[in-house]
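Before any comments, here is the structure.
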Protein chains: 4
Amino acid sequence: MKCAIEVLAESGYSGASLAEIARRAGISKSVVLYYFSGKDDLLSSVVFDVYGRAGQAIAEALSHETSPGEKIAAYVRTNLHFLEEHAAEIRAVVEIVSNARGADGTHSFVPQGEDPVLAHLEELLREGQGSGDFREFDAHYLAIIIRSAIDTASGRLVVDPSFYLGAYTRELLSVVELATGTHRTEDSS
Amino acid sequence: MKCAIEVLAESGYSGASLAEIARRAGISKSVVLYYFSGKDDLLSSVVFDVYGRAGQAIAEALSHETSPGEKIAAYVRTNLHFLEEHAAEIRAVVEIVSNARGADGTHSFVPQGEDPVLAHLEELLREGQGSGDFREFDAHYLAIIIRSAIDTASGRLVVDPSFYLGAYTRELLSVVELATGTHRTEDSS
Amino acid sequence: MKCAIEVLAESGYSGASLAEIARRAGISKSVVLYYFSGKDDLLSSVVFDVYGRAGQAIAEALSHETSPGEKIAAYVRTNLHFLEEHAAEIRAVVEIVSNARGADGTHSFVPQGEDPVLAHLEELLREGQGSGDFREFDAHYLAIIIRSAIDTASGRLVVDPSFYLGAYTRELLSVVELATGTHRTEDSS
Amino acid sequence: MKCAIEVLAESGYSGASLAEIARRAGISKSVVLYYFSGKDDLLSSVVFDVYGRAGQAIAEALSHETSPGEKIAAYVRTNLHFLEEHAAEIRAVVEIVSNARGADGTHSFVPQGEDPVLAHLEELLREGQGSGDFREFDAHYLAIIIRSAIDTASGRLVVDPSFYLGAYTRELLSVVELATGTHRTEDSS
DNA sequence: GATGAATGAGGCTTCATTCAT
DNA sequence: AATGAATGAAGCCTCATTCAT
């Protein structure tokens, strides 16, 4: 799986053939299929493994925060921090999620209706609105905007050598603060 | 090219084989290769064609605006409006840009250093800062955030039937306004 | 298809890989798949082609006969005569029919319920019974016996160099005559 | 071996991989190769085991009969009776015998020249002719006809749910009686 | 006695491309 | 201008077998 992640991150979805993955791992293609029932299984495993660890890290971080503003900030910070330390893994997952398709041609990993990841962020936003910490906005669409800013980062890391994740995190935090209106609330307190 | 765009939008990069494209166009594979020197040429043509028309639409829209705040707003509005009317084309370009790779394994259409599209938006932001209309922020990173919000929309249109581009545009405009600080400037005037 | 038949007849079902068939035809595997949509299609085509021609030959021969006894005799004679002139083709069809299986594991070409080939022979037998030419017997089971004697011949031709089809035909005709009781009818005339 | 027989009978020769056989037996592939030197050895063992027991049953049954007509009848009856009680085993053997081939491409289990099974039946027929019980016929070819009628039964059991072995046995016995002419002899006595 | 790990050969199929017409 | 024929590389996967434990 580690080698699969590397190849996916470096060579993209189409470049991640079993042959290439096996070559990188110094084993034969057959070994990969000995441990995974097929390529789909391998890719699924990568996705769920990374998703699982990322989700855990985020949940852990959020558990330390109480105010909605701090929760959102922790959410963004943890996401980008996880990305910093697991850049290739996130890159690999993005490649898989955006390219893997089933026999019917539909995306295999993109939820068609309700997206749990998005729904989670959306709820954090709504909580802030409920408590009066946040201004009025459409939580669904703002969640999409914030997620897109998070998801784009892994790509930037690859193509933009000058992309500094620390500064990006700071800028995004400030945008989120302004967008949610957290700032004003603190002012009025 | 029209059929290539349709197939790319519906079936993704891997599903867009010459055979499939030709089948949809009701012609033979050979015809495609008669008009384009190869698959790469076909994809390039699609990218440049769409990019060209999108760029033209944006340039035209910006020429009507004068203040930095209005320019940025027009930029966002025109981008999303173009997407609304050319959803498949944008989707196709995204598929190509994020997947096409040269023989060396590097992305074919993602500029490695300076990204002209990003640089353009970045400059609009800097102009607003220069004129005092915008607050202090890192123009490069904010540009990335805004672009990501724009680019994610084409994907949402595909998987999320409830995604309403009009509301999304409104929300994004409001975020951009807050993020650039355009609002406050107007307040103080 | 001719080469596929040859390989099937000589090397059996498992030996009849696309590679081997293509090698024998002096072409590349791809060419086979250019003319047939897949291996299944190739095998189907062989089966239906041979079946069609055999069925036509039999129908033609039966049309010249009137009495039930002569019809059955013509049926047997034509079947074995067709086999004599198209030994490899029959051998190939037998290999396919008895080995080809669908994804669910069931035979692809063996009719699960009503077997039209068997039903045809069965009806010939029943006609003879209806007209009083034949004795009492179970038409279904006798049809199975006669067909098995016909079908076994192609295998014999392969493994038994001393197998002489002319003599076999004569013996089988005599058995069929005795089994149907055609003989007695002639006695009573 | 029991599981190998089941798989062969249900899934056919191509479906009978070591993996599948081991899976059904609830053991690992390695165990199979620990007890048998290879797949060929496993299949050989199945063939000889079943052949041995079938031959024994037949020999035992024949030893109770004296007249040629009764011997032939017992031969047919015992063959089909054994099939009834060991359908899967016979089916498995048929699959192996008709498909297994050596490296040179020739059948592994089909005797190229003299077939002992056929020769045995042939001799029974000749004995009947020698004693004057049977009419004149070509013993070799009649033996082939009778064997084919016996061998086809295992296949019928699989594809034809309405195939009733008892009735088939009765019909075949009657055909054999007529074909050998046993009946007339008894009449004239 | 039993097994998990690993492998290389081979199977079917898809694909972008070349060539002659 | 258009196309059918042909190809070789590559992709995923199955299989019988070997080896060390």
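Naming: A, B, ... by sequence-line order, numbering from 1 per chain. The basis for the numbers below is simple: all heavy atoms, side chains too, and nothing from hydrogens, waters or symmetry mates.
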**Study point:** From CA spacing to verdict: side-chain contact (heavy atoms from CB on, under 4.5 Å), C/Ile96, C/Val46
**Key:** CA-CA 9 Å; C/Ile96 298 172; C/Val46 168; 3.9 Å; yes

Are any of the side-chain heavy atoms of [X] and [Y] separated by less than 4.5 Å?
{"X": "D/Ile90", "Y": "D/Leu157", "result": "no"}
{"X": "D/Arg24", "Y": "D/Glu10", "result": "yes"}
{"X": "A/Arg53", "Y": "A/Val50", "result": "yes"}
{"X": "A/Leu8", "Y": "A/Arg91", "result": "no"}
{"X": "D/Ile21", "Y": "D/Leu42", "result": "yes"}
{"X": "D/Phe109", "Y": "D/Val93", "result": "no"}

Pairs under 3.5 Å (N/O, protein and nucleotides 5-9 of chain E):
residue	atom	partner	partner atom	Å
E/dA5	OP2	A/Tyr34	OH	2.9
E/dA5	O5'	A/Tyr35	OH	3.3
E/dA6	OP2	A/Tyr35	OH	2.6
E/dT7	OP2	A/Ser28	N	3.1
E/dG8	N7	A/Ser30	OG	3.1
E/dG8	O6	A/Ser30	OG	2.5

Revision key, fill the gap. With sequence neighbours left out, the residues meeting side chain to side chain contact (heavy atoms under 4.5 Å, CB included) with A/Leu33 are A/Leu18

**Study point:** Nucleic acid contacts of residues 37-45 of chain D, taken as heavy-atom distances under 4.0 Å to DNA chain E
**Key:** none

Check your understanding: So which of residues 2-23 of chain A are in contact with DNA chain E, with a heavy-atom cut-off of under 4.0 Å?
Key -> none

Review point. Could you give the CG-to-P distance, from B/Leu33 to E/dA20, as a whole number of Å?
Key: 16 Å

Revision key, fill the gap. Between the CD1 atom in B/Ile5 and the NE2 atom in B/His86, the distance rounded to the nearest 0.5 Å is 9.5 Å

Review point. Looking only at atom types and distance, does a side-chain atom of D/Glu95 sit under 3.5 Å from a main-chain N or O of D/Gly12, one as donor and one as acceptor?
Key: no

Check your understanding: Quick one: stems for DNA chain F, with Watson-Crick or G-U pairs under 3.5 Å, at least three in a row?
Key -> E:2-21 with F:2-21

Study note, to complete from the structure: Taken in chain and number order and not counting sequence neighbours, the residues that satisfy ring-ring contact (aromatic ring centres under 6.0 Å, His included) with A/Phe36 are none

Exercise for review: Carefully, step by step, assess B/Val159 and A/Asp115 under the rule side-chain contact (heavy atoms from CB on, under 4.5 Å).
Suggested key: CA-CA 10 Å; B/Val159 299; A/Asp115 180 344; over 6 Å; no

